[in-house]
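Heads up, the thing below is written out as structure tokens.
Note on naming: letters A, B, ... go to the chains in the order of the sequence lines (proteins, then strands), and numbering restarts at 1 for each one. Side chains are part of it too, since the values below use all heavy atoms of this structure and drop only hydrogens, waters and symmetry mates.
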Protein chains: 2
Amino acid sequence: MIDAAGLRVMKAIADEGSFTSAANALGFTQPAISQMVRRLEQRTGTVLVERYGRQVRLTEAGQVLARHAVGVLAALDAAEEEITAIAGLRAGRVRLQAFPSSSATLVPRTLAILKARHPDITVTFTEAEPPESLAALRNGDCDVAVAFAYEGGDLGELEEDLSLLVTRRLMDDEVRLVVPGTHPHAGDTAASLADFSDEEWIAGCPRCRGHLLSLADTAGFRPNVAFETEDYVAQLGLVTAGLGVALVPDLILNAAKHDEVATLPLSPASRRQILAVTTPDLQRVPAVAAALDALCEAAGADPKASTAELVGAKA
Amino acid sequence: MIDAAGLRVMKAIADEGSFTSAANALGFTQPAISQMVRRLEQRTGTVLVERYGRQVRLTEAGQVLARHAVGVLAALDAAEEEITAIAGLRAGRVRLQAFPSSSATLVPRTLAILKARHPDITVTFTEAEPPESLAALRNGDCDVAVAFAYEGGDLGELEEDLSLLVTRRLMDDEVRLVVPGTHPHAGDTAASLADFSDEEWIAGCPRCRGHLLSLADTAGFRPNVAFETEDYVAQLGLVTAGLGVALVPDLILNAAKHDEVATLPLSPASRRQILAVTTPDLQRVPAVAAALDALCEAAGADPKASTAELVGAKA
DNA sequence: GTCTTCCATAATCTTCGGTTATGATCAGGA
DNA sequence: TCCTGATCATAACCGAAGATTATGGAAGAC
């Protein structure tokens, strides 16, 4: 029945004292005000303005509207201001979830970039393996998930999960074989997985373990997994202690100390993709977009090149 | 940029959790909500709603709007309620100005009627002679003026003042000649003014004095005005003391004690009209209309018969 | 798989809310 | 006194907002 425009007009009339100057103040023409008042009057069923000759005066009801207008318009302005603050990155919130090994290097660098560029954005960060982070994304508990996908057989599994999500490729993470420094093959320039079929293996997270099994299967053996731990520092510790060998991505090796082990490139090489994942809608939220850019930059990827690389369901 | 309708929609979505149920709650169809959200989004330049398959969730910006909506809509409702209270006579204000001799009988009766019928209306009352009360009416300081107009020459003067005002005829007030009880003509059934040409006269307010002069002029003499006072009790007192004769309207005689004087009807009779005056706009304000009705009733006039008796400028 | 339940889109129509053009009235001044 | 300027009202018009119905596509339930 009463809308913001009507209140604005009533307040302008109260402030300016005439239809004409109210119209000027609001950037309208005079008849617009005339009609607006008439509409308001027939909507409310009351007389709002008293016309006496060429001057107008608000009736009591009109004064009531003008009085309320102040508060309502202030509230609307506040809302608008808050919205534009979010849109203009002067505020906003990003909830980031990243898998553990990325939180050592990629995430801190990202947060630093984001903080420097948009200090008013609040970023919350949670560590989560890709299945969980993607679930959180779908569930609305997370805005950006940093996930990884192994090239090869395992990729298909993740791809299914990416339906209707938007991904940005951050970097390729090469997987290396880590052996104790004292290992006979420690000095090799590359490692063929088949040569390590008799070793005891140290596996990481479930999906890393799946990748190990997949690679080993291709190499023609079934690895003897002696230890399993999601803690990659522990993995390296176990290898250092001579308790086995492990497949460890570069990202982890760059982050963690690994002086007493040898890291051998695989032959054939195996990589995993590090991806930033979000939804098509969230992608357009400025704070989220800024976070994605920061992630790309932190990963050393060209933000432009990888922008809007959409992974459809079965496309 | 943001209007009440948009806020209402955002709040409904927040409350209901889906477009469809929000549409039902607001009495719209689902596409209306879809379009409204889209419009809001392109107006604000931000994503307000996240679509996850078949469910929707508000983004941070959307939640901001929904949060502000509560306050804004409450304020709008409050304004509307206040307006309808005025329209429904559950609130409102009437500022009444009446000339002194009416405030003795007519006004108290009117206020009593008004109080009984619409206890929530606040009435303010000021005593003022017609010229002042009409000026206040024009000036917006008064909603209803109770004025009087002498029939005859003097009426024209007031008529000019009534341009663009609305009058309601409340009653006819017969003017009588008041003489001391000991006066030779005290026992007469009627008085011809010419018979009192040699008397000393006691005049009232300026316009009453003008009326006296006008009547005397018609009767062919120029009255000897010995005293002038706007206090009608004093006038009667002066007559009682034998200091002169006076023309006094019935309204005053009914209100004030006048045991020791004789009141003679004039021949030819002379009357003044008691009028309620307001503006065409104010006439439609419920509280003002109620006051006019109460005035008519207090005056014993038929409210219907005298309604909307418009006195135009030169019509 | 089918079926239901969501939201999105398209086409259409009404109403709102603005414009320009014009008229009527009042105030002020030559 | 009669212009003249300022003000509000009204009419005709027009574009866009905002609703509708009809339809399609995707997600989830069975």
task = List in chain and number order the residues that pass salt bridge (charged side-chain N to carboxylate O under 4.0 Å, His left out) with B/Glu127, two or more places apart in sequence or in another chain; answer none if no residue qualifies.
result = none
Mind calculating the distance between [atom1] ([X]) and [atom2] ([N]) to the nearest angstrom?
X: B/Leu40; N: C/dA8; atom1: CG; atom2: P; value: 13 Å
X: A/Gln42; N: C/dC16; atom1: CD; atom2: C1'; value: 12 Å
X: B/Phe28; N: C/dT14; atom1: CZ; atom2: P; value: 18 Å
X: A/Asp3; N: D/dG18; atom1: CG; atom2: P; value: 10 Å
X: B/Asp281; N: C/dT25; atom1: CG; atom2: P; value: 16 Å
X: A/Ile33; N: C/dG18; atom1: CD1; atom2: P; value: 7 Å
X: B/Glu16; N: C/dC6; atom1: CD; atom2: C1'; value: 15 Å
X: B/Arg138; N: C/dC26; atom1: CZ; atom2: C1'; value: 13 Å

Nucleotides 5-16 of chain D: protein proximity per nucleotide (B base, S sugar-phosphate only, - neither; heavy atom, under 4.0 Å) = BSSBBB------
Please determine if a side-chain N or O atom of [X] lies less than 4.0 Å away from the OP1 or OP2 oxygen of [N].
X: B/Arg39; N: D/dG18; answer: yes
X: A/Thr29; N: C/dT19; answer: yes
X: B/Arg43; N: D/dG18; answer: yes

key: A/Leu58 side, atom CG; A/Arg67 side, atom CZ - distance, nearest 0.5 Å   = 11.0 Å
key: Nearest-0.5 Å distance that lies between atom CD1 in A/Ile13 and atom CG in A/Leu26   = 8.5 Å
In chain order, what residues pass the side-chain hydrogen bond (donor to acceptor under 3.5 Å, both in side chains) check against [X], with sequence neighbours excluded?
X: A/Thr29; value: none
X: B/Gln35; value: none
X: B/Arg93; value: none

request  = Please list, chain by chain and in numerical order, all residues satisfying side chain to side chain contact (heavy atoms under 4.5 Å, CB included) with B/Ala289, sequence neighbours excluded.
outcome  = none
